[in-house]
> 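Got a structure here, written out as structure tokens. Questions coming.
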Amino acid sequence: MPELPEVETVANGVHARVAGQRIVSVWTSGKPQTFKSPESEIAETLTGKWIERVRRVGKSIVMDLRESPRNKKIDTGAQFLVHLGMTGRLLVSQPEVPLPPHTHAVLSLADGREVRFVDARRFGRLSVVKQIGGYIGPGVEPTTISAEEFSTLFKGRKLAIKAALLNQSILHGVGNIYADESLFRAGIRPRKQAGKLTHAELARLHEALQAVLAHAIKLGGSSVSDYVDADGVAGFFQLEHKVYGRAGELCSDCGTALKKIVVGGRTTVYCPKCQS
DNA sequence: AGGTTGACCTGGACGC
DNA sequence: TGCGTCCAGGTCAACC
């Protein structure tokens, strides 16, 4: 489900509901794979803390934790990281609502509500970190990077530009949908070597990527299969997909049949005419 | 070191 | 209806 716009939608939704709340207890499922930090450490770190804010860094949801509700005491520096993987959901629910199947963590809040992490496919990961100055993620932030800095990211890279966009240690937050959609809008072949993009192509890709991400965030992300935001509401950007999920359909710009290939191990759809 | 591939999971869609 | 196959928005370890 979750690339940058979807994760940002969820993070903002959860922030609006739980910022300023205190976590009174933590339950975890015991499925080892879900927990990147030991479950006992997660429970100890979260229990009794106030949630200062919930935000997105890369594809992770970051919960900043405090020892006290106000700024009087120092920040704990502790943060709870939620990576949604493919099917993870972070829900805020009343306690009487039955736990969905595949619930792996429940944070009980002082007002009785619960923050629930649900993940059928178990590619999601929960962890706690204590980084002074805050968690910064594996790569650079695509929504705010300048055109100049963007064009330096791919210098000398031999991998395909599509694979480079998906590499979280280069640029974090972009996944399969927004890689394909931004390459289409920039008119660039997904298989072109990243280091061989011209100055003009880099400028177009920077522009297209930021435009597509901003527009998707505005629409609440893309709802493909089971994605919903913190309220259980679907996003609408999938209606604007020009190539993702449209292999074999005709290009909306030129009428050519959209082609499906595999790049960097991922299904990739592009227009052979518009992306040359 | 950079780049590529397969493994990790469950469930939904599709074909027979 | 039921069963088998294929596919999925993401990482990451293990290879080349």
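Side chains are part of it too, since the values below use all heavy atoms of this structure and drop only hydrogens, waters and symmetry mates. Numbered from 1 within each chain, the chains take letters A, B, ... in sequence-line order.
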> For a quick test of reading the model: is some side-chain N or O of A:T267 closer than 4.0 Å to OP1 or OP2 of C:dA8?
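For C:dA8, OP1 or OP2 has a side-chain N or O of A:T267 closer than 4.0 Å.
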> Can you check the A:H104 NE2 to B:dT10 P distance for me, whole Å?
9 Å
> Report the distance from atom OH of A:Y135 to atom CE of A:M63, rounding to the nearest 0.5 Å.
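Answer for the OH-CE pair, A:Y135 versus A:M63, is 15.5 Å.
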> Categorize A:K31 for me: base, sugar-phosphate, or nothing, with a 4.0 angstrom heavy-atom threshold over every strand shown.
nothing
> Does B:dC8 have A:F123 stacked on its base, where the ring centres are within less than 5.5 Å and the planes differ by under 30°?
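According to the criterion (under 5.5 Å, under 30°), yes, A:F123 stacks.
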> Relative to each other, are the rings of A:F237 and A:H215 parallel, tilted or perpendicular (30° and 60° limits)?
perpendicular
> Using atom CG of A:L126 as one end and atom P of C:dT11 as the other, report the distance to the nearest whole Å.
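Atom-to-atom, A:L126 to C:dT11, this comes out as 15 Å.
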> Just N and O in the side chain of A:R157: are any of them under 4.0 Å from OP1 or OP2 of B:dG3?
yes
> Expressed as a whole number of Å, how far does the P atom of B:dC9 sit from that of C:dC3?
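One P to the other, the span is 24 Å.
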> Pick base, sugar-phosphate or nothing for A:G175, based on heavy-atom distances below 4.0 Å to the nucleic acid.
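Sugar-phosphate: the residue A:G175, judged by heavy atoms under 4.0 Å, touches backbone atoms but no base.
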> Atom CE of A:M86 and atom P of B:dC9: how far apart are they, to the nearest Å?
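After rounding, the gap between these two atoms is 14 Å.
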> Would you check, one step at a time, whether the test side chain to side chain contact (heavy atoms under 4.5 Å, CB included) holds for A:C251 with A:F184?
CA-CA 10 Å; A:C251 173; A:F184 172 79; 3.8 Å; yes
> Starting from the 5' end of DNA chain C, give me the residue, A:K36 or A:K260, whose nearest nucleotide shows up first.
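Its nearest nucleotide being more 5', the pick is A:K260.
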> If pairing requires Watson-Crick or G-U wobble contacts with both distances under 3.5 Å, which nucleotide is the partner of B:dC9?
none
> What is the ring orientation for A:H241 with A:Y244, classed by angle as parallel under 30°, tilted 30 to 60°, or perpendicular over 60°?
perpendicular
> Just how far, in rounded Å, is P of B:dA7 from CZ of A:R122?
18 Å
> Between A:L84 (CG) and C:dA8 (C1'), how many Å, whole number?
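That distance rounds to 15 Å.
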> Taking only the side-chain nitrogens and oxygens of A:H83, find out if one of them lies under 4.0 Å from OP1 or OP2 of C:dG10.
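A:H83 to C:dG10 OP1/OP2: no side-chain N or O under 4.0 Å.
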> Counting heavy atoms from C-beta on, name the nucleotide in B:dC8, B:dT10, C:dT11 closest to the side chain of A:K59.
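Among the listed nucleotides, the one closest to the side chain of A:K59 is C:dT11.
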> Measure distances between side-chain N and O atoms of A:R121 and base N and O atoms of B:dC9, and say whether any donor-acceptor pair falls under 3.5 Å.
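Donor-acceptor pair under 3.5 Å: yes.
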> When the distance from CG of A:N167 to P of B:dG3 is rounded to whole Å, what number comes out?
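After rounding, the reported distance stands at 8 Å.
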> State whether A:W50 and A:R66 meet the cation-pi test: NZ (Lys) or CZ (Arg) under 6.0 Å from the six-membered ring centroid, and within 45° of the perpendicular axis.
no
> Mapping A:A160 and A:R125 to their closest nucleotides on DNA chain B, which lands nearer the 5' end?
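Its nearest nucleotide being more 5', the pick is A:A160.
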> Does B:dC9 have OP1 or OP2 under 4.0 Å away from a side-chain N or O of A:H102?
no
> Please report the distance, rounded to the nearest Å, between CD in A:Q168 and P in C:dC12.
9 Å
> Measure the distance from CG on A:L166 to P on B:dT4 and round it to the nearest whole Å.
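The distance from CG of A:L166 to P of B:dT4 comes to 12 Å, rounded to the nearest Å.
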> Determine the interatomic distance between P on C:dT11 and the same-named atom on B:dA1; round to the nearest Å.
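Result for the P pair: 22 Å, nearest Å.
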> Between A:E201 and A:K192, does any side-chain N to carboxylate O distance fall below 4.0 Å?
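A salt bridge is present here (some side-chain N lies under 4.0 Å from a carboxylate O).
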